[in-house]
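Structure record follows, encoded as structure tokens.
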Amino acid sequence: MKTIRTIIACAAMLGAAPALADSPAADGVPAFLSDVTGPDALAWVRRQNQHAFDTLQGDSRYRSFYDAVLAVEQDRHRIPKPSFLAGRIYNLWQDDQHPRGIWRESDVSSFIAADPRWTTRLDVDALARQEHRDWVFQGAECLTPDDRPCLVRLSEAGEDAASLREFDLATGNFVPGGFALPRSKQSAVWLDRDTLLVARDWGGTADSDMTESGYPFIVRRLHRGQGLDHAEEVMRGRRTDVAVDPMVLTDGEGHRLVLIRRAVTFFEEQYSRLTPQGVQKIDLPARLEVHGLLRNRLILSVNQDWTPAGGKPVPAGSLISVDPSGAAPPQIIFTPTVRQSVNEVAVTGDGVVMTVLDTVRGQAWVFRPPVDTAHGWTGTRLPLPDMMSVHVVDADQRSGRAFLSVSGFVTPPQLWLADTTAVSVRKIMELPPQFDAAGLVVDQSWAVSTDGTRIPYFVVHRKDMRLDGTNPALLTAYGGFQVSSVPDYNPEFGRLWMARGGVYVVANIRGGGEFGPAWHEAGRGVHRQRVFDDFAAVARDMEKRGVTSPARLGIRGRSNGGLLMGVEFTQHPELWDAVIIGVPLLDMEHYEGMAAGASWVGEYGSMAVPDQRAFLQRISPLRALRAGADYPEPFIFTSTRDDRVGPVHARRFAARLQALGVPFLYYEDTEGGHSGTVNAPEIAHERALEAVYLSRRLMNAGPPAIR
């Protein structure tokens, strides 16, 4: 079940967050850069882009790098990501003929036999041409159990804000005169064929229908043919909430549960049931994640210790089942050890599929519900390869089937079919290698952080690597929002970095979810310096072991990882010679009032709280920049259409570097949303720029050919 935490999004301004001075420049930062699409700002962006293009695209390696990534992104042998829908398999496919993608379907049996016969239901490229809009397909919400009427979600250039249109799966057409919800950050679910439950901007004044985070907090019931202004209000939260949105859960036995989720903060939620008598709150812990419905019971994981009324204590990190009516006590399905964490969960028609990280190595389990009140849940670990990442792709509520993706740093993705009825798993597809991994090995090492905590990290390197400090290495991490960094296959970095002799390192620092809620809590808010210390400790440990040295070490991160890179750039410029800062948060004194910032107070803290204010000022990369410091030349990239983090963070940081006379490279894509890229050519362009930058900074001239 997709939650607001997986989106990691929101917008607008908290009153306590100070605005940047409106003077012509504050610390060398022109005020016009805050006008995202203003002519002066875009002219500045064009100048910076041109400098980056002249420097990086002018390199003789750029074209081969671009072609290598494009070949990966458009490889027709890619495993299509399957979704169960209407008793069939659906997939969005992008290639050189369909850069925006075609939404297509196949029968289940031919797909499982690895010989799918596809029928196109929606051609997004054709729709974009017809309507002269830069549409990006973002999925569909369909009415169960027949799944025929759907709401297709279309975003302009990859924004989080989207338009919703009714689509008939049976005919493959949009419904004339059907539901059509104009652009907004919004969510909608079906109550019946003629009724929706919708949370969106209802057209109020002064953002009165949206939270301070920029998400809706008013849920209304909308009937077919009814104007938005006549929809009946069902529930409203508060403007200080992150968001309020509706959910509909169904199970294989036909039970249906309509919920309204109120995200009070990014990590604290309240759930209510919509009943004929009105909205009724469910007694649940504040920190949880709902995964689905099975035998009319909620399947959820808790991120805090919880003792339900009249029940037994439930440890943080556990997976449990809950009677939404409160008539029966919760049941514990699984409780992880201190080295484990629940990663992903999906519910089939008769069981639960769960992926677990055990010392950051993926596992998959099947759990079956009790046969009677005298028994508990039974769990079976599925036989899958070790030292891999394991992800749930999708699960079918009409059967016991679920798809799992299995991959490793040097092992191409495999698609496995799990069965919760037979409690079995089998491989059905495997991607051919997309880069030359011969001679590459994967090690798991441990560094010791400033406070003595042991931090694991993965190192992908050539078997014959010399431990003499001369190896070019790229270190990455995320370290926030309880998001785990796992051993995924990355053919782009495989071709452009690892196959060319580069060492690739992934650090499992605190702030993530690798060891459960406590690992995240250790790096949240004013404790975040531990996250930064962990990352620096991994770099020092690599140097101590002779894996690399500062002159050969580069670092890379995006979004929250971009903040991490910005902090490491300012706190430890001596530890690396290349820094890639992607779609970042960098102005932590003003982040609450920028794009999606207000929703992240639960992760970073607020300028309105004195000790948190002092901490944010201390770590803010923009504030930390100093004249005379010996900074490496960074590569900064962002997107004009990013309506989560926004481009202003990156712009201000680059402008401050410019004022200090520090060389930098800056690239701002004018499309792509927070992902920064929405089609294969854009991805190839941005990744090739990065690869040239890393090669120039860390590798000798004349690299070997791309393989």
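A 4.5 Å side-chain heavy-atom check between Leu586 and Ile581 finds at least one atom pair inside the cut-off. By the 4.5 Å heavy-atom criterion applied to side chains, Gln48 and Phe664 are counted as neighbours. With contacts defined as side-chain heavy-atom distances shorter than 4.5 Å, the pair Arg100/Phe137 does not qualify. Using a 4.5 Å cut-off on side-chain heavy atoms (C-beta onward), Val662 and Arg656 make no contact. Side-chain contact between His590 and Ser620 is absent, with no heavy atoms from C-beta onward closer than 4.5 Å. Between Leu33 and Trp44 there is a side-chain heavy-atom pair separated by less than 4.5 Å. Contact check for Leu553 versus Asp577: no side-chain heavy atoms found under the 4.5 Å cut-off. Side-chain contact between Pro634 and Phe569 is present, with heavy atoms from C-beta onward closer than 4.5 Å.
Salt bridge annotation for Asp443-Arg545: absent, with no cationic side-chain nitrogen under 4.0 angstrom from a carboxylate oxygen. Between Arg524 and Glu603 there is no salt bridge, since none of the side-chain N atoms of the basic residue sits less than 4.0 Å from a carboxylate O of the acidic one. Ion pairing between Asp451 and Arg510 holds under the 4.0 Å rule for side-chain N and carboxylate O. Residues Asp642 and Arg644 are not paired through a salt bridge, judged by the lack of any N-O separation under 4.0 Å between the basic side chain and the carboxylate. We find that Arg530 and Asp534 are not joined by a salt bridge, their nearest charged nitrogen and carboxylate oxygen being 4.0 Å or further apart. The pair Glu668-Arg46 does not meet the salt-bridge criterion, since no charged nitrogen lies less than 4.0 angstrom from a carboxylate oxygen.
Taking all atoms of both residues into account, the shortest heavy-atom contact from Val72 to Pro491 is CG1-CG, 3.5 Å. The two residues Leu431 and Pro412 come nearest to each other via the heavy atoms O-CB, 3.1 Å. Across every non-hydrogen atom of Ser407 and Pro413, the tightest pair is CB-CA, 3.7 Å. The nearest pair of heavy atoms linking Gly362 to Val390 is C-CG2, 3.8 Å. Residues Pro584 and His649 come closest through the heavy atom pair O-CB, 3.2 Å. In plain terms, the two heavy atoms of Leu698 and Ala473 that are nearest each other are CD1-O, 3.8 Å.
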Donor-acceptor list for residues 621-631 side chains, cut-off 3.5 Å, not counting sequence neighbours:
{"unit_1": "Arg623", "atom_1": "NH1", "unit_2": "Glu589", "atom_2": "OE2", "d": "2.9"}
{"unit_1": "Arg626", "atom_1": "NH1", "unit_2": "Arg623", "atom_2": "O", "d": "2.6"}
{"unit_1": "Tyr631", "atom_1": "OH", "unit_2": "Arg626", "atom_2": "N", "d": "3.0"}

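Interatomic distance, Arg528 CZ to Ile619 CD1, rounded to the nearest 0.5 Å: 7.0 Å. Thr55 contributes atom OG1, which lies 10.0 Å from atom CG of Asp59 (distance to the nearest 0.5 angstrom). Distance CG/Leu70 to CG/Asn679: 9.5 Å, rounded to 0.5 Å. Between the OG atom of Ser341 and the CZ atom of Phe515 there is a distance of 8.0 Å, given to the nearest 0.5 Å. A distance of 9.0 Å separates OH in Tyr591 from CH2 in Trp600, rounded to the nearest 0.5 Å. Once rounded to the nearest 0.5 Å, the distance linking NE2 of His572 with CD1 of Ile555 reads 10.0 Å.
In this structure a side-chain-to-backbone donor-acceptor pair under 3.5 Å is missing from Gln658 to Pro663. Looking only at distances, a side-chain donor or acceptor of Ser639 sits under 3.5 Å from a matching main-chain atom of Arg641. The closest donor-acceptor contact from the side chain of Arg78 to the backbone of Asp75 lies under 3.5 Å. A donor-acceptor pair under 3.5 Å links the side-chain atoms of Arg495 to the main chain of Gln434, judged by distance alone. When atom types are taken as modelled, the side chain of Trp519 and the backbone of Ile509 share a donor-acceptor pair closer than 3.5 angstrom. For the pair Thr355 (side chain) and His391 (backbone), a donor-acceptor distance under 3.5 Å is absent. Put simply, the side chain of Glu344 gets close to the backbone of Val392: a donor and an acceptor are under 3.5 Å apart. No donor-acceptor pair closer than 3.5 Å links the side chain of Arg462 to the backbone N or O of Met498. When atom types are taken as modelled, the side chain of Asn560 and the backbone of Tyr478 share a donor-acceptor pair closer than 3.5 angstrom. Formation of a donor-acceptor pair under 3.5 Å by the Asp643 side chain with backbone atoms of Ala161 is found in this model.
No donor-acceptor contact under 3.5 angstrom links the side chains of Asp533 and Ser449, judged on distance only. Side-chain atoms of Asp95 and Gln74 form no donor-acceptor pair, as typed in the model, at a separation below 3.5 Å. For Gln138 and Glu159, the side-chain atoms include no donor-acceptor pair closer than 3.5 Å. Side chain to side chain, Ser695 and Arg500 meet the donor-acceptor criterion of an N or O pair below 3.5 Å. Between the side chains of His51 and Asp54, no donor N or O sits under 3.5 Å from an acceptor N or O.
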For this session: Begin from the C-alpha positions of Ser405 and Gln414 and carry the test side-chain hydrogen bond (donor to acceptor under 3.5 Å, both in side chains) through to its verdict.
Result: CA-CA 6 Å; Ser405 173; Gln414 306 164 355; over 6 Å; no
Exercise. Given Ile580 and Met565, is the side chain to side chain contact (heavy atoms under 4.5 Å, CB included) satisfied, shown in steps?
Worked result: CA-CA 7 Å; Ile580 297 177; Met565 297 306 113; over 6 Å; no
Problem set entry | Phe653/Tyr666 under side chain to side chain contact (heavy atoms under 4.5 Å, CB included): CA gap, chis, key distance, verdict | CA-CA 10 Å; Phe653 192 76; Tyr666 180 94; over 6 Å; no
For this session: List the steps, then state whether ring-ring contact (aromatic ring centres under 6.0 Å, His included) holds for Trp497 with Phe435.
Result: CA-CA 10 Å; Trp497 188 251; Phe435 66 93; over 10 Å; no
Problem set entry | Full working for side chain to side chain contact (heavy atoms under 4.5 Å, CB included) between Lys81 and Val393 | CA-CA 7 Å; Lys81 182 178 180 180; Val393 180; 3.8 Å; yes
Exercise. Hey, mind stepping through Ile683 and Glu492 against side chain to side chain contact (heavy atoms under 4.5 Å, CB included) and telling me if it holds?
Worked result: CA-CA 10 Å; Ile683 293 171; Glu492 298 155 8; 3.8 Å; yes
Exercise. What do the steps show when you test Gln571 against Gln529 for side-chain hydrogen bond (donor to acceptor under 3.5 Å, both in side chains), and what is the final call?
Worked result: CA-CA 11 Å; Gln571 290 190 1; Gln529 185 59 47; 3.0 Å; yes
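Phe267 has its ring centre less than 6.0 Å from the ring centre of His520. Taking the six-membered ring wherever Trp is involved, the centroid distance between the rings of Tyr604 and Phe481 falls below 6.0 Å. When ring centroids are compared, Phe409 and Tyr489 stay outside the 6.0 Å threshold. Aromatic rings from Phe637 and Tyr667 are positioned such that their centres are separated by 6.0 Å or more.
Between His685 and Tyr62, the two ring planes are perpendicular [angle over 60°; tilted spans 30° to 60°].
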